[in-house]
Amino acid sequence: QVQLAESGGGLVQPGGSLRLACAASGDTFSNYAMGWFRQAPGKERKFVAAIPWSGAGTYYTDSVKGRFTISRDSAKNTVYLQMNSLKPEDTAVYYCGAMPKDKYYYAGQIKSYVAWGQGTQVTVSS
């Protein structure tokens, strides 16, 4: 079973940028499509972005399109989320998840994921 560990969260001013990283270990990275979700206080966990095992054909929720970019580095077994033009409403705990690569059609659904990281806090505030 794959294990995931996020890093890169922090406090940033509105309009700023952050890059989150999620390092995978314990299984073959190319067996998995990867996704990012976020959870604000008192809210349910929601889909942000996903990337298939090949890296081609990424998928975003509408509120982050044009601002966030998901990518993966197979040599480092790591998936990234580059976040630009951050807004206060982006404040949340961000989680990366791994899903079997043949389930990518369902990347927006939490139940598709078989492993999660511990989460990293992103706070956007002046």
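Throughout, residue positions are numbered sequentially from 1 according to the sequence presented. Nothing here was measured: the structure is a model prediction, and the numbers come from that model.
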F68 side chain near T61 side chain, heavy-atom distance below 4.5 Å: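 They are not in contact (no side-chain heavy atoms under 4.5 Å apart), so the answer is no.
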Min side-chain heavy-atom separation R72-F29 under 4.5 Å: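 A side-chain contact exists here, since the closest heavy-atom pair is under 4.5 Å.
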Would you name the heavy atoms of [X] and [Y] that are closest together and state the gap between them?
{"X": "I110", "Y": "R45", "answer": "CD1-O, 3.4 Å"}
{"X": "A107", "Y": "A50", "answer": "CB-CB, 3.6 Å"}
{"X": "G9", "Y": "L20", "answer": "N-CD2, 3.6 Å"}
{"X": "C22", "Y": "M34", "answer": "SG-CE, 4.3 Å"}
{"X": "Y104", "Y": "I51", "answer": "CE1-C, 3.5 Å"}
{"X": "L86", "Y": "L18", "answer": "CD1-N, 3.9 Å"}

Between atom [atom1] of [X] and atom [atom2] of [Y], what is the distance when rounded to the nearest 0.5 Å?
{"X": "T58", "Y": "K65", "atom1": "OG1", "atom2": "NZ", "result": "10.0 Å"}
{"X": "W53", "Y": "S74", "atom1": "CH2", "atom2": "OG", "result": "8.5 Å"}
{"X": "Y113", "Y": "C96", "atom1": "OH", "atom2": "SG", "result": "10.0 Å"}
{"X": "Q118", "Y": "Q3", "atom1": "CD", "atom2": "CD", "result": "12.0 Å"}

Same apolar cluster (I L V M F W Y, side chains within < 4.5 Å links), [X]/[Y]:
{"X": "Y32", "Y": "Y105", "answer": "no"}
{"X": "V48", "Y": "I70", "answer": "yes"}
{"X": "L11", "Y": "M83", "answer": "no"}
{"X": "V122", "Y": "V64", "answer": "yes"}

Summary of side-chain hydrogen bond (donor to acceptor under 3.5 Å, both in side chains) pairs that have at least one residue in residues 79-92, sequence neighbours excluded: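 Residue pairs passing side-chain hydrogen bond (donor to acceptor under 3.5 Å, both in side chains), neighbours aside: S17-N84, R38-D90, R67-D90, Q82-N84.
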Between [X] (side chain only) and [Y] (backbone N and O only), is there a donor and an acceptor less than 3.5 Å apart?
{"X": "Y59", "Y": "G35", "result": "no"}
{"X": "Q39", "Y": "A92", "result": "no"}
{"X": "E6", "Y": "G119", "result": "yes"}

Atom OH of Y60: over 12 foreign heavy atoms under 6.0 Å: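 Yes.
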Over 12 foreign heavy atoms within 6.0 Å of NZ, K101: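 Buried by this count: over 12 neighbours within 6.0 Å.
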F37/W116 aromatic ring centres below 6.0 Å: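 Yes, the ring centres sit under 6.0 Å apart.
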Steps toward side chain to side chain contact (heavy atoms under 4.5 Å, CB included) verdict (L4, Y95): CA-CA 9 Å; L4 305 173; Y95 297 90; over 6 Å; no
